Amino acid sequence: MNQLGKKRIKQKNIKTNEVSNILIIVLLTITTISFVRVYEVLKNNNERGAFAYVQLLNFGMPIIENQIYDEGNYAENRISLKYILMEATGINNFTSRNIINKEISLFNIFSTDSGESKERLTFDSYKINEDSISKINLNESTIGDQIYNAALKKTLNASKPEILIYHTHTHENYSQEEPDSINEETNVVGVGDVLAKELEEKYGISVIHDKTDHCISYNDSYARSSETVDKYLNKYGDFRLIIDLHRDSITNKSITTTEIYGKSAARMALVTAKNSERYEKNKEITEKIFNKTKELFPTLPREITTYPRGKNAFNQSKSDNSVLLEIGSHYNTPQESQVTAECMARVIAEILNGNN
């Protein structure tokens, strides 16, 4: 082989090595970015239970899944492998609305997924005399008056409680920075206080609001709350409604937020478990609450989620009238969730005190 041929081969090998090195650098860069994104997703989500890890373990060792895995233990966990990968790659936010907002800035002026107020487009072609405008301030009292239906009020009979409210996940908090807290002014217990107060004072429905801390150990929460429910059932017999009050863990506030009479409110959802011994009756009361909410406050209800297996069947085997109610997520504020509690008091009063 002549010198020219050897030189060309050498140059070709150099170029091949350069391309290989570039590909390796690109691959390492992508891998590093992916690990960083996955870490950020895990860091920003405080969901307990290690569901993604369990899924990975099940995939690698099917024998463990067959012998040990209990689907009910992870029924409420949203941080799955699919969720993490979609969040890390940005596919979760790959919607037509988000694409339009990014490409056409005018649309982004009018809407936001974070729930924050944004500047509106206005035209100053003429001015209106301020004296000619009738102004109504939708303060808390007027909103409460619009939600309230005085015709549903009856005389309170405290000797026989009609509703039991408790919280399996007592520490669920309304704060992005602190998703779990024992502060009753900001967590689900505080929302339960509002719901109980509205039911008793405005509708004459006697309520037991149990505030027992069932989250001393998260994985044992349903076992602890099961004992609480049994205690009250043994003392009072069955209730007309038993509510396990939670909040969701969705990180997109636009999904869990609406307006009720001009006031920001957290949307509600309901959960059932097919492994409940009373599933059909649980489903019936759940659908009744959902449909009545949709009738009175059309944008407030979000969905009914039915799990094949729930941890301890979410305690729903204990009563035909057991429901698991989720109000908002940790991206909602306590105030938004309290507005929803007022709405749900009205819904429940319509069902228990009305002609339903």
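None of the values given here were measured: they were computed from a predicted structure.
Cluster annotation: Ile351 and Phe297 are assigned to the same hydrophobic cluster (Ile/Leu/Val/Met/Phe/Trp/Tyr, side-chain heavy-atom contacts under 4.5 Å, transitive). Using a 4.5 Å cut-off between side-chain heavy atoms of Ile, Leu, Val, Met, Phe, Trp and Tyr, with links allowed through other members, Tyr232 and Val229 fall into the same hydrophobic cluster. Hydrophobic clustering of Ile, Leu, Val, Met, Phe, Trp and Tyr side chains at less than 4.5 Å, counting indirect connections, keeps Tyr203 apart from Ile242.
Between Glu259 and Lys263 there is no salt bridge, since none of the side-chain N atoms of the basic residue sits less than 4.0 Å from a carboxylate O of the acidic one. Asp213 and Arg224 are not joined by a salt bridge, as no carboxylate oxygen comes within less than 4.0 angstrom of a charged side-chain nitrogen. Asp193 and Lys211 are joined by a salt bridge, as a carboxylate oxygen and a charged side-chain nitrogen come within less than 4.0 angstrom of each other.
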query: Would Asn219 and Ser217 satisfy side-chain hydrogen bond (donor to acceptor under 3.5 Å, both in side chains), going step by step from the backbone distance to the final call?
result: CA-CA 6 Å; Asn219 291 334; Ser217 169; 5.7 Å; no
message: side chain to side chain contact (heavy atoms under 4.5 Å, CB included) for Leu270 and Thr305? Distances and angles first, verdict last.
response: CA-CA 6 Å; Leu270 291 152; Thr305 301; over 6 Å; no
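Both cation-pi conditions hold for Lys160 and Phe239: the charged atom is under 6.0 angstrom from the six-membered ring centre and inside a 45 degree cone around its axis.
Judged by distance alone, the side chains of Asn315 and Ser225 do bring a donor and an acceptor atom under 3.5 Å apart. Inspection of the Thr228 and His214 side chains reveals an N or O donor paired with an N or O acceptor under 3.5 Å. Side-chain atoms of Asn332 and Glu336 form a donor-acceptor pair, as typed in the model, at a separation below 3.5 Å. Side-chain atoms of Asp244 and His167 include no donor-acceptor pair closer than 3.5 Å. Side chains of Ser206 and Glu162: no donor on one and acceptor on the other come within 3.5 Å. Judged by distance alone, the side chains of Ser226 and Lys318 do bring a donor and an acceptor atom under 3.5 Å apart.
The six-membered or imidazole ring of His169 lies near that of Tyr218, with a centre-to-centre distance under 6.0 Å.
Under the ring pair (Phe, Tyr, Trp, His ring centres under 6.0 Å) criterion, Phe290 pairs with no residue at all, not counting sequence neighbours. Take Tyr174 and apply the ring pair (Phe, Tyr, Trp, His ring centres under 6.0 Å) test, not counting sequence neighbours, and it matches no residue.
Between the Ser317 side chain and the Ala313 main chain, no donor and acceptor come within less than 3.5 Å of each other. Listed for the Arg247 side chain is a donor-acceptor partner under 3.5 Å among the backbone atoms of Asn173. Remark: the backbone N or O of Ile243 is not paired with any side-chain donor or acceptor of Tyr166 at under 3.5 angstrom. A donor-acceptor contact shorter than 3.5 Å links the side chain of Asn187 to the backbone of Asn183. The main-chain N or O of Leu195 is never found under 3.5 Å from a side-chain atom of Gln338 such that the two would form a donor-acceptor pair. No donor-acceptor distance shorter than 3.5 angstrom exists from the side chain of Thr186 to the backbone of Pro334, with no hydrogens or angles considered.
Ala266 and Gly328 get closest at one heavy-atom pair: CB-CA, 3.5 Å. When all heavy atoms of Arg302 and Ala269 are compared, the closest pair comes out as NH2-CB, 3.5 Å. The shortest non-hydrogen separation linking Asn282 to Thr286 is O-OG1, 2.8 Å. Scanning both residues, Phe314 and Thr272, for their nearest heavy atoms gives CE1-O, 4.0 Å. Here the shortest heavy-atom pairing between Ile260 and Ala265 reads CG1-CB, 3.8 Å. The two residues Asn275 and Arg309 come nearest to each other via the heavy atoms OD1-CA, 3.5 Å.
Surrounding CD of Glu277 are at most 12 heavy atoms belonging to other residues, nucleotides or ligands under 6.0 Å away.
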